[in-house]
Visitor: 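Would you mind keeping the following structure in view while I ask a few things?
Computed from a prediction, not measured in an experiment: that's the story for all the values here. All values below were derived from every heavy atom in this structure, side-chain atoms included, with hydrogens, water molecules and symmetry-related copies excluded. Just so it is clear: chains get the letters A, B, ... in the order the sequence lines come, proteins before strands, and each one is counted from 1.
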Amino acid sequence: MQTLSLYNSLTNKKEIFKPLKEGYVGMYVCGPTVYSNVHLGNVRSFMSFDMIYRYLLHLGYKVRYVRNITDAGHLTDDDAEDKISTKARLEKLEPMEIVQKYTVDFHQILQKFNLLSPSIEPTATGHIMEQIKAIETIIENGLGYEVNGSVYFDVIKYNRTENYGILSKRKIEDAIENTRVLDRQSDKKNPQDFALWKKAEPEHIQRWDSPWGVGFPGWHLECTVMSTKYLGEEFDIHGGGMDLKFPHHECEIAQAQACNHVNPVKYWMHGNMLTLNGKKMSKSTGNNILPGELITGENDNLSKAFAPSAVRFFMMQAHYRSVLDFSNTAVLAAEKGYGRLMEAINMIDKLKTSSISTFDVKLWKQKCYNAMNDDFNTPILIAHLFEVVKLINLMNDDKAFLTIADLEDLKTTIFAFVYDVLGLESQANLNDNLDKLGGVVEVLITLRNQARENKDWKLSDQIRDELLAIGIQLKDGKEGTTFLID
RNA sequence: GGCGUCGUGGCCGAGUGGCUAGGCUGGGCUCUGCAAAAGCUCCUACAGCGGUUCGAAUCCGCUCGACGCCUCCA
């Protein structure tokens, strides 16, 4: 097996990946809150972990990948309703109706971008009992306290024996100094404390019975409970967006410690933001592009529609830990490069082999693995893939050669990385109609070549130009004419 | 204000103490009836100022700037 190293946010450095149980990986990723459509920034994050999941699978690990659906709503502040019930009132729908609608939307979008389904996709509302149990345990362990039907986590007390800030590298003392004055009457002992259970006001729609009265679970608890339930008290990888590091992930660690007395996660991984016009995409500020708009091109930031796979390629050209700025020109450039890559790949089966190789496939292959093994460096991997694009084009021109064995190795490797690891869909999904269209184009190519032999340039150019006008490009090569359907 | 990330050529975007990222774009050449495609090639950067070093875009310090978190957010 390859030696994989990854960047651990807990230690802030790259580490050799060594799963708790050899050959098996437990991975938890924070999923969406399903109160509105996912935007492209959300998609990037899930796509990053999809790529990571895919590479782990490719390496032969048996991976249990858990990604939750947050359908219980998160508090916006101490007094407000949670987001799901607010939205439900606006649209005059049941909360679960909202949840259903946006869960379906979420799944459809991710499918378009070719993301694999997680092994388990648990919901917060399906784990209320477990959350109540966890709260009871935290109270028993002296780190939770009840006030007026709500339960809070005692961060200050926790910090006496443990390190609240171990992940985000914050010092709780600083946090105390910098806390804005909350002149609202809060039940918390300290502003840093966070809710484990929140009493439901009469108008609150989502509500459950608990030992502390009718209420609903706090924001951070579901992930602790569900990750523990499906992956164990200790597991390998926990992922999520950079913006979840604090407080969400920090609280998860505290809760898990308070319940089970162990640091739950060996490797924390955080994907970086997708920006638009240099600013973070965000549901709340409206600075975002919806995936649907991208596919139809209906957004002021877009000049045209883009295929999801081209956008996936665009995202894979950046490292998952780097901020990526979305712009029309950047995606256009990526789309073009992506087309060139796929065109070359589709050519592989037509290549002739030779008795010698002029390219070191083994070395190239290892360079691809080295790139991925270095904290999933997809931009480097893609750079290597373009070396092979050049090679294929040269071979097609009889200027480079590979033996049968090398070509086979090359093909297997490139297919694995492009389709299995990067998750780029094949453009060669030719259906029957496309086959027939191809046949028609071949006929036209033959007619054109006859015209060219007769030096009837007018006719030959007419065929070529009119085909181009409807999106079919003819390419004259040494071995004859090929075509590309847009 | 606190914590953190980052600042690379026309654009996007990697990277290592000394040796080519890659993609897109633009110029030139080869091929071609012309064009396209493909190949070759050119434009060769590392925010600013200091310091460490034989040598730094890569290490350290400062300055400026951007962004993220500190409040729901991937």
Side-chain angles (χ1 to χ4, degrees), chain A residues 9 12 29-33 35-36 38-49 70 73-78 80 82-83 86 165 168-171 173-180 192 219 239-248 250 270-275 278-285 288 313-314 317-319 321-327 329-338 340-341 343-344 371 374 377-387 389-390 392-394 396-397 399-400 452 455-457 460-461 464-465 468 473-478 481-484:
Chain A
S9 308
N12 276 157
V29 171
C30 290
T33 304
Y35 62 82
S36 64
V38 286
H39 64 245
L40 210 54
N42 304 120
V43 171
R44 182 194 182 197
S45 188
F46 297 125
M47 194 186 286
S48 294
F49 289 102
T70 297
H74 284 172
L75 289 172
T76 47
D77 62 51
D78 280 358
D82 74 77
K83 288 197 166 182
T86 303
S168 57
K169 314 292 182 285
R170 278 160 208 267
K171 290 192 178 61
E173 295 77 18
D174 295 341
I176 293 167
E177 276 175 30
N178 290 297
T179 299
R180 279 163 292 173
Q192 284 68 41
W219 357 316
M242 210 75 112
D243 49 354
L244 294 181
K245 207 165 171 184
F246 189 89
H248 186 59
E250 195 69 60
H270 294 278
N272 217 139
M273 301 293 103
L274 180 70
T275 59
K279 291 265 165 43
K280 179 186 170 184
M281 277 199 198
S282 165
K283 286 178 187 173
S284 46
T285 62
N288 62 36
F313 179 82
F314 164 72
Q317 266 191 314
H319 188 91
R321 280 193 294 114
S322 297
V323 175
L324 175 63
D325 192 52
F326 186 96
S327 70
T329 48
V331 182
L332 277 174
E335 183 186 48
K336 204 155 180 176
Y338 174 65
R340 227 162 70 82
L341 173 66
E343 208 185 316
D374 184 14
N377 200 323
T378 52
I380 296 284
L381 171 66
I382 289 172
H384 294 323
L385 293 180
F386 274 102
E387 279 179 46
V389 169
K390 190 190 248 186
I392 290 170
N393 285 325
L394 283 172
N396 192 232
D397 230 10
K399 287 175 181 162
R452 292 173 75 198
K455 298 200 188 298
D456 185 353
W457 308 128
S460 67
D461 287 356
R464 179 227 287 158
D465 296 342
L468 185 64
Q473 183 188 31
L474 300 188
K475 301 193 290 186
D476 296 329
K478 283 216 163 40
T481 304
T482 56
F483 64 93
L484 182 68

Visitor: Does A21(B) pair with anything, Watson-Crick or G-U wobble, both distances under 3.5 Å, and if so, with which nucleotide?
Guide: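 In the structure as shown, A21(B) has no Watson-Crick or wobble partner.
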Visitor: Would you tell me if any nitrogen or oxygen in the side chain of Arg321(A) comes within less than 4.0 Å of OP1 or OP2 on G68(B)?
Guide: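 Indeed not, no polar side-chain atom of Arg321(A) lies that close.
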Visitor: Would the base of C70(B) count as contacting Arg170(A) through its side chain, where contact means a donor and an acceptor less than 3.5 Å apart?
Guide: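 Side chain to base: no pair below 3.5 Å.
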Visitor: Touch check for Ser48(A), heavy atoms < 4.0 angstrom, all strands: base, sugar-phosphate only, or nothing?
Guide: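 The answer is nothing, as Ser48(A) stays clear of every strand by at least 4.0 Å.
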Visitor: Is any side-chain nitrogen or oxygen of Lys390(A) closer than 4.0 Å to OP1 or OP2 of C40(B)?
Guide: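 Affirmative; the distance criterion is met.
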Visitor: Measure from the side chain of Gln317(A), starting at C-beta and using heavy atoms only, and say which of C69(B), G22(B), A36(B) lies closest.
Guide: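 Per side-chain heavy atoms of Gln317(A), the pick is G22(B).
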Visitor: Hunt down the Watson-Crick or G-U wobble partner of G26(B), both distances under 3.5 Å, from any strand shown, or write none.
Guide: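 Paired with C42(B).
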Visitor: Whole angstrom is fine here: how far is it from CD in Glu387(A) over to C1' in A38(B)?
Guide: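 After rounding, the gap between these two atoms is 18 Å.
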Visitor: Find the distance Phe326(A):CZ to G13(B):C1' and express it as a whole number of Å.
Guide: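 Phe326(A) atom CZ is separated from G13(B) atom C1' by 15 Å.
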Visitor: Nearest whole angstrom, please: distance from the C1' of A36(B) to the CZ of Arg340(A).
Guide: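 The distance from CZ of Arg340(A) to C1' of A36(B) comes to 14 Å, rounded to the nearest Å.
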Visitor: Measure CG/Asn272(A) against P/A14(B) and give the value in whole Å, please.
Guide: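 The answer, rounded to whole Å, is 10 Å.
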Visitor: Of the listed nucleotides (A74(B), A14(B), A38(B)), which one gets closest to any side-chain atom of Asn377(A)?
Guide: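 In terms of side-chain proximity for Asn377(A), the closest of A74(B), A14(B), A38(B) is A14(B).
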Visitor: What nucleic acid atoms does Gly240(A) come within less than 4.0 Å of, heavy atoms only: base, sugar-phosphate, or nothing?
Guide: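 Sugar-phosphate contact only - Gly240(A) comes under 4.0 Å of backbone atoms but never of a base.
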Visitor: If you look at every strand shown and take non-hydrogen atoms under 4.0 Å, does Arg44(A) touch a base, only sugar-phosphate, or nothing?
Guide: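 It contacts nothing in the nucleic acid.
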Visitor: When you compare G9(B) with A14(B), how far apart are their P atoms, in angstrom units rounded to a whole number?
Guide: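 Going atom to atom, P in each nucleotide, I get 13 Å.
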Visitor: Who does A74(B) pair with, Watson-Crick or G-U, both distances under 3.5 Å?
Guide: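 Matched A74(B) with nothing under the 3.5 Å cut-off.
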Visitor: Looking at every strand, decide which applies to Leu274(A) at a 4.0 Å heavy-atom threshold: base, sugar-phosphate, or nothing.
Guide: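 If one applies the 4.0 Å heavy-atom cut-off, Leu274(A) turns out to touch a base.
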Visitor: Would you kindly compare Pro379(A) and Asp397(A) by the position of their nearest RNA chain B nucleotide and give the one closer to the 5′ end?
Guide: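 Looking at RNA chain B, the more 5' nearest nucleotide goes with Pro379(A).
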Visitor: Taking only the P atom of each, what is the distance from C11(B) to C19(B) in whole angstrom?
Guide: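 The same atom, P, in both gives a distance of 24 Å.
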Visitor: Count the heavy atoms of every other residue, nucleotide or ligand shown that sit under 6.0 Å from NZ of Lys169(A), and state whether that count exceeds 12.
Guide: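 Buried by this count: over 12 neighbours within 6.0 Å.
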Visitor: Rounding to the closest angstrom, what is the interatomic distance between C64(B) and C12(B) at atom C1'?
Guide: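 So the two C1' atoms sit 24 Å from each other.
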Visitor: Flag the pair Phe386(A) / Arg340(A) as yes when at least one side-chain heavy-atom distance between them is below 4.5 Å, and no otherwise.
Guide: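 Yes, close enough: below the 4.5 Å cut-off.
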Visitor: Under 4.0 angstrom, heavy atoms only, what part of the nucleic acid is His384(A) near: base, sugar-phosphate, or nothing?
Guide: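 The answer is nothing, as His384(A) stays clear of every strand by at least 4.0 Å.
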Visitor: Can you measure from CD (Gln473(A)) to CG (Leu468(A)) and round to the nearest 0.5 angstrom?
Guide: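 Between atom CD of Gln473(A) and atom CG of Leu468(A) there are 6.5 Å.
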Visitor: Got a donor-acceptor pair under 3.5 Å from the side chain of Asn393(A) to the base of A37(B)?
Guide: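 Such a pair does not exist between side chain and base.
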Visitor: From the list U25(B), G33(B), A21(B), which nucleotide is the closest neighbour of the side chain of Trp457(A)?
Guide: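 In terms of side-chain proximity for Trp457(A), the closest of U25(B), G33(B), A21(B) is G33(B).
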Visitor: Looking only at atom C1', what distance separates A66(B) and A47(B), rounded to whole Å?
Guide: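 After rounding to an integer number of Å, I get 11 Å for this pair.
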Visitor: With a 4.0 Å cut-off on heavy atoms, is Lys279(A) in touch with a base, just the backbone sugar-phosphate, or nothing at all?
Guide: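 Lys279(A): backbone/sugar contact only, no base atoms under 4.0 Å.
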Visitor: Across all strands shown, which nucleotide pairs with A14(B) by Watson-Crick or G-U wobble geometry, both distances under 3.5 Å?
Guide: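 None - no nucleotide pairs with A14(B), as no candidate has both distances under 3.5 Å.
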Visitor: Can you tell me, in whole Å, how much space there is between the P of A37(B) and that of C24(B)?
Guide: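 After rounding to an integer number of Å, I get 11 Å for this pair.
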Visitor: State, yes or no, whether a side-chain contact exists between Phe326(A) and Met281(A) at a heavy-atom distance under 4.5 Å.
Guide: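 Counting from C-beta outward, Phe326(A) and Met281(A) do come under 4.5 Å.
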Visitor: Scan Lys169(A) against the nucleic acid and name what it touches under 4.0 Å (heavy atoms): base, sugar-phosphate only, or nothing.
Guide: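 The answer is sugar-phosphate, as Lys169(A) gets under 4.0 Å only of primed atoms, P, OP1 or OP2.
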Visitor: Quick check on RNA chain B: between Lys336(A) and Gly241(A), whose nearest nucleotide comes earlier from the 5' end?
Guide: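 Counting from the 5' end, the first nearest nucleotide belongs to Lys336(A).
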Visitor: Could you measure the distance from the CG atom of Leu381(A) to the CG atom of Asp374(A)? Nearest 0.5 Å is fine.
Guide: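 Separation between the atoms: 12.0 Å.
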Visitor: What's the gap between C46(B) and G7(B) when it is taken at their C1' atoms, as a whole Å value?
Guide: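 To the nearest whole Å, 10 Å.
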Visitor: Counting only N and O atoms by type, is there a donor-acceptor contact under 3.5 Å from the side chain of Asn396(A) to the main-chain atoms of Ile392(A)?
Guide: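 Side chain of Asn396(A) to backbone of Ile392(A), a donor-acceptor pair under 3.5 Å: no, none is there.
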Visitor: Among the candidates A74(B), G22(B), G39(B), find the nucleotide nearest to the side-chain atoms of Leu244(A).
Guide: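 Nucleotide nearest to Leu244(A)'s side chain: A74(B).
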Visitor: Rounded off to whole Å, could you give me the CZ-to-C1' distance for the Phe314(A) and G13(B) pair?
Guide: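 Spelled out: CZ on Phe314(A) to C1' on G13(B) is 9 Å.
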Visitor: Heavy atoms under 4.0 Å, any strand shown: does Gly239(A) hit a base, just sugar-phosphate, or nothing?
Guide: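 The answer is nothing, as Gly239(A) stays clear of every strand by at least 4.0 Å.
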Visitor: Please work out if Asn396(A) contacts a base, only the sugar-phosphate, or nothing of the nucleic acid, heavy-atom cut-off 4.0 Å.
Guide: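 Contact class for Asn396(A): none.
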Visitor: With rounding to the nearest 0.5 Å, note down the distance linking CD in Gln317(A) to OG1 in Thr378(A).
Guide: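 These two atoms lie 9.0 Å from each other.
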Visitor: Taking the side chain of Phe386(A) as its heavy atoms from C-beta onward, which of G22(B), G13(B), U25(B) lies nearest to it?
Guide: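 Nearest to the side-chain atoms of Phe386(A), counting from C-beta on, is G22(B).
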Visitor: Is a donor-acceptor contact shorter than 3.5 angstrom present between the side chain of Asp461(A) and the base of G33(B)?
Guide: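 Answer yes: a donor N or O sits under 3.5 Å from an acceptor.
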Visitor: At under 4.0 Å between heavy atoms, what does Gly165(A) touch on the DNA or RNA strands: base, sugar-phosphate, or nothing?
Guide: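 Since no nucleic acid heavy atom lies under 4.0 Å of Gly165(A), the category is nothing.
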Visitor: Could you identify the nucleotide paired to A66(B), looking across every strand shown and requiring Watson-Crick or G-U wobble geometry with both distances under 3.5 Å?
Guide: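 Across any shown strand, A66(B) pairs with U5(B).
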Visitor: Quickly work out the Leu324(A) CG to C12(B) C1' distance and round it to whole Å.
Guide: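 So the CG-C1' distance, Leu324(A) to C12(B), works out to 9 Å.
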Visitor: Determine the interatomic distance between P on U58(B) and the same-named atom on U53(B); round to the nearest Å.
Guide: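 It works out to 16 Å between them.
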Visitor: To the nearest Å, give me how far apart NZ (Lys280(A)) and P (A74(B)) are.
Guide: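 Answer to the nearest Å: 8 Å.
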Visitor: Using the C1' atoms only, state how far U8(B) lies from G13(B), rounded to an integer number of Å.
Guide: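 Looking at atom C1' only, G13(B) and U8(B) are 9 Å apart.
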Visitor: Stepwise, does the salt bridge (charged side-chain N to carboxylate O under 4.0 Å, His left out) test hold for Asp476(A) with Arg464(A)?
Guide: CA-CA 11 Å; Asp476(A) 296 329; Arg464(A) 179 227 287 158; 5.5 Å; no
Visitor: CD of Glu250(A) versus P of G4(B): gap in Å, rounded?
Guide: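 The distance from CD of Glu250(A) to P of G4(B) comes to 13 Å, rounded to the nearest Å.
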Visitor: Is it the case that C34(B) (base atoms only) and Arg464(A) (side chain only) share a donor and an acceptor within less than 3.5 Å, ignoring hydrogens and angles?
Guide: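 Indeed, a donor on one side and an acceptor on the other fall under 3.5 Å apart.
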Visitor: Give the nucleotide from the list C67(B), G39(B), G23(B) with an atom nearest to the side chain of Ala333(A).
Guide: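 Minimum distance to the Ala333(A) side chain belongs to G23(B).
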Visitor: So does Lys390(A) get a backbone contact from the side chain of Asn393(A), meaning a donor-acceptor N/O pair under 3.5 Å?
Guide: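 Side chain of Asn393(A) to backbone of Lys390(A): no pair is present.
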Visitor: Should Ser322(A) be listed as having a side-chain N or O under 4.0 Å from OP1 or OP2 of A14(B)?
Guide: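 Answer is yes, contact under 4.0 Å.
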